[in-house]
Amino acid sequence: MRTLLRLWPYVRPVRARLLTAAFVAVVASCTGLVIPLVLKWMVDGPVADRDPAGVWLGALCLLLLGVAEAVLFGIRRWLVARPLSHVEAEMRADLYRRLQRLPVAFHDRWASGQLLSRGTTDLMLLRMFLAFPLTFLLVNGVTILVGLVVMLLQDWVLGLVILGPAIPVMWTCVVFERRYAQVARRAQDQVGDLTTVVEESVLGIRVIKGFGRHRSQARAFRELSGRLRGTELRKARLLATIWGVIVTLPEVAIGAALVLGAVRVADGDLSAGTLVAFLSTALALRWPVDSIGFLLAMSQEAATATERYFEVMDEAPEDRGGDRAARPRLPETRGLRFEDVSFRYPDAPPGSPPLLTHIDLHIRPGESMALVGATGSGKTTLTALVPRLHEVTSGRITLDGVDITAMSREELRTKVAVAFEEPTLFSASVGENVLMGAPDGAGKPELDRALAIAQADFAHALPQGTDTRVGEQGLSLSGGQRQRLALARAVVGRPEFLVLDDPLSALDVHTEAAVEAALRRVLADTTALIVAHRPSTVLLADRVALLSGGRIAAVGTHQELLRHNAEYAHLMSGEQEDTR
Ligand SMILES: Nc1ncnc2c1ncn2[C@@H]1O[C@H](COP(=O)(O)OP(=O)(O)OP(=O)(O)O)[C@@H](O)[C@H]1O
Ligand SMILES: [Mg+2]
């Protein structure tokens with residue numbers, strides 16, 4: 001209950017409609033309860049008196065009541081359909097917005113399939129809950145109460161017989177709820193795991209095929225889905241048990257009432273009409289009682305879905321940045337500066353040493369600094385600290401003397417542009433992909449300039465030029481082509497600070513040289529940090545910093561380091577052999 005109450009903010013805007021719909025449903029349901037009273041009048045009146053006209057009149061009344069009930073239920077549906085799809089859409093949009101604003105550390109921690117299933121299956125369960133169980137638990141409750149009162153008024157002895165099973169049925173419901181909650185949670189989590197497997201194998205289809213792993217992959221999938229099936233079967237079994245209890249006990253009570261009633265009619269204690277009315281009321285209550293089982297089940301699933309939904313929504317998003325108090329400007333430190341920066345991943349094993357310790361590095365305005373280090377030494381991590389994809393554990397990073405935590409993220413991210421190791425393109429046109437890196441309103445001239453710098457003129461030769469769609473839903477590009485588009489995206493906004501993570505790794509020597517020549521022109525007035533593995537990329541930079549053992553081990557020009565630093569010489573010479 002408490003979990004479901006959290007849905008209130010979303011339901012609030014449509015509460016009037018939902019309440020009206022519930023009211024209409026209660027009226028419709030109670031209309032159904034008038035039918036037995038008409039039957040009673042018919043049996044005791046026209047039927048006993050053999051009056052055909054009276055029977056026809058009664059039949060007409062029954063028909064009208066039936067039609068009214070149907071129309072009212074139809075109106076209820078019409079009332080709830082539109083607002084509820086609105087609620088679902090709102091919740092989905094909120095979830096998406098939150099996912100965009102959650103820190104990278106959150107996404108590192110969560111499997112994407114779990115997020116995906118929350119945005120799809122769980123929200124669908126919630127909409128179904130709002131449409132159906134929410135209303136009908138109320139409607140059926142009222143109907144059952146009204147029906148019981150009607151029956152007790154008809155004949156209180158028979159009424160008590162019918163009421164007999166109430167306590168065992170309620171007890172079953174309570175026990176059932178508790179068990180079902182656990183199984184429902186497990187099932188929904190397993191759907192998330194299954195989604196993750198499907199997603200990974202679709203993305204990794206080349207690896208799976210290339211290594212002939214489709215069989216073992218299918219086996220792994222079958223195992224997971226078998227586990228989910230087991231959980232679903234457990235759910236079905238629980239549901240069957242409760243259904244059995246809820247259906248059988250009242251049915252037995254109705255049978256007992258029928259026998260007792262028939263005896264009393266024979267004795268002349270009870271009119272035949274009353275017995276007919278009593279039994280048809282009891283029968284009319286069968287559906288409201290029977291359905292309680294699966295209404296409770298659906299509510300339980302909805303509660304679980306709500307819980308899973310809010311697990312994501314309750315995560316703290318990135319702060320907006322811009323702590324004015326920390327904004328004193330130190331004019332002597334222009335450029336990009338790391339001051340005693342240490343960092344460890346929040347999800348690193350406890351007790352492990354920080355990945356980066358006491359990093360001090362100053363990149364002067366207009367200077368470009370290459371960052372060199374063995375693979376896994378933390379270069380990518382260090383570059384990710386500048387646009388605040390991860391937060392420093394201690395120390396600080398300043399841009400022109402201003403602490404990056406003192407700027408709003410928006411300001412920071414217009415100042416700093418990044419190209420990542422893995423060049424990601426979205427399902428959009430080449431132009432849109434590149435212009436993501438520019439302020440709104442940038443157009444063709446900026447696009448052409450960026451493509452020229454990144455030597456990505458191939459884009460003009462694509463089937464629809466720069467309007468060609470790329471990404472998942474579009475044309476597949478080669479690794480080097482994607483890398484050059486990512487580079488174009490980084491330079492298109494003429495950023496003051498540029499962070500490039502091994503931007504030229506996938507290019508052939510000639511293209512690399514051409515990109516370098518163009519980049520040099522851009523880098524002349526940009527402060528840049530460039531992760532590099534190859535000497536040719538290092539030569540782009542004015543100075544080189546060597547990252548080793550989580551520290552900046554040496555800073556100097558390529559030639560100086562080559563001469564005086566054995567580790568650097570080793571790193572570079574190995575690479576040189578590779579490229580030649
Ligand atoms: N999200 C993360 N959570 C925990 N540890 C991580 C995470 N990402 C990376 N690491 C660890 O941090 C270390 C440094 O990774 P990083 O990607 O910064 O290396 P790198 O220097 O860029 O390597 P390469 O040259 O291969 O690109 C690795 O040992 C890696 O296991
Ligand atoms: Mg890296």
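FYI, the numbering just counts along the sequence from 1. Whatever order the structure lists ligands and atoms in, that order sets their numbers, starting from 1.
For atom 30 (C) of ligand 1, the nearest protein heavy atom is 4.0 Å or more away.
For ligand 1, the atoms closer than 4.0 angstrom to any heavy atom of H533 are 25 (O). Those atoms of ligand 1 that come under 4.0 Å of a heavy atom in D347, given as number and element, are 3 (N), 4 (C). Atoms of ligand 1 lying under 4.0 Å from any heavy atom of E421, numbered from 1 in the order shown and given with element: 24 (P), 27 (O).
Here CD of Q182 is found 9.5 Å from CD of Q300. Values are rounded to the nearest 0.5 Å. A distance of 11.5 Å separates CG of L130 from OG of S85, quoted to the nearest 0.5 Å. One finds the CZ atom of R334 at 4.5 Å from the CG atom of D400 (value rounded to the nearest 0.5 Å).
Nearest N, O or S atom of E421 to the Mg ion (ligand 2): atom OE2.
At least one side-chain heavy atom of S505 sits under 4.5 Å from a side-chain heavy atom of Q483.
Counting backbone and side-chain atoms alike, T381 contributes no N/O/S atom closer than 2.8 Å to the Mg ion (ligand 2). Taking 2.8 Å as the criterion, D502 does not count as a coordinating residue of the Mg ion (ligand 2), since none of its N, O or S atoms falls below it.
Salt-bridge check for E301 with K235: passed, with a basic side-chain N closer than 4.0 Å to an acidic carboxylate O.
A side-chain donor from one of Q114 and R118 sits under 3.5 Å from a side-chain acceptor of the other. Using modelled atom types and a 3.5 Å distance limit, the side chains of D108 and Y345 yield no donor-acceptor pair.
For atom 14 (C) of ligand 1, the closest non-hydrogen atom of the protein is G376 O, 3.5 Å.
Polar contact with ligand 1: present for G378 (N/O pair, distance under 3.5 Å).
At a 4.0 Å cut-off, at least one heavy atom of S377 sits close enough to ligand 1 to count as contact.
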Pair D314-R6, side chain to side chain contact (heavy atoms under 4.5 Å, CB included): steps then yes or no: CA-CA 12 Å; D314 289 345; R6 297 200 63 187; 3.0 Å; yes
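When the heavy atoms of L356, D108, L355 are ranked by distance to atom 1 (N) of ligand 1, first place goes to D108.
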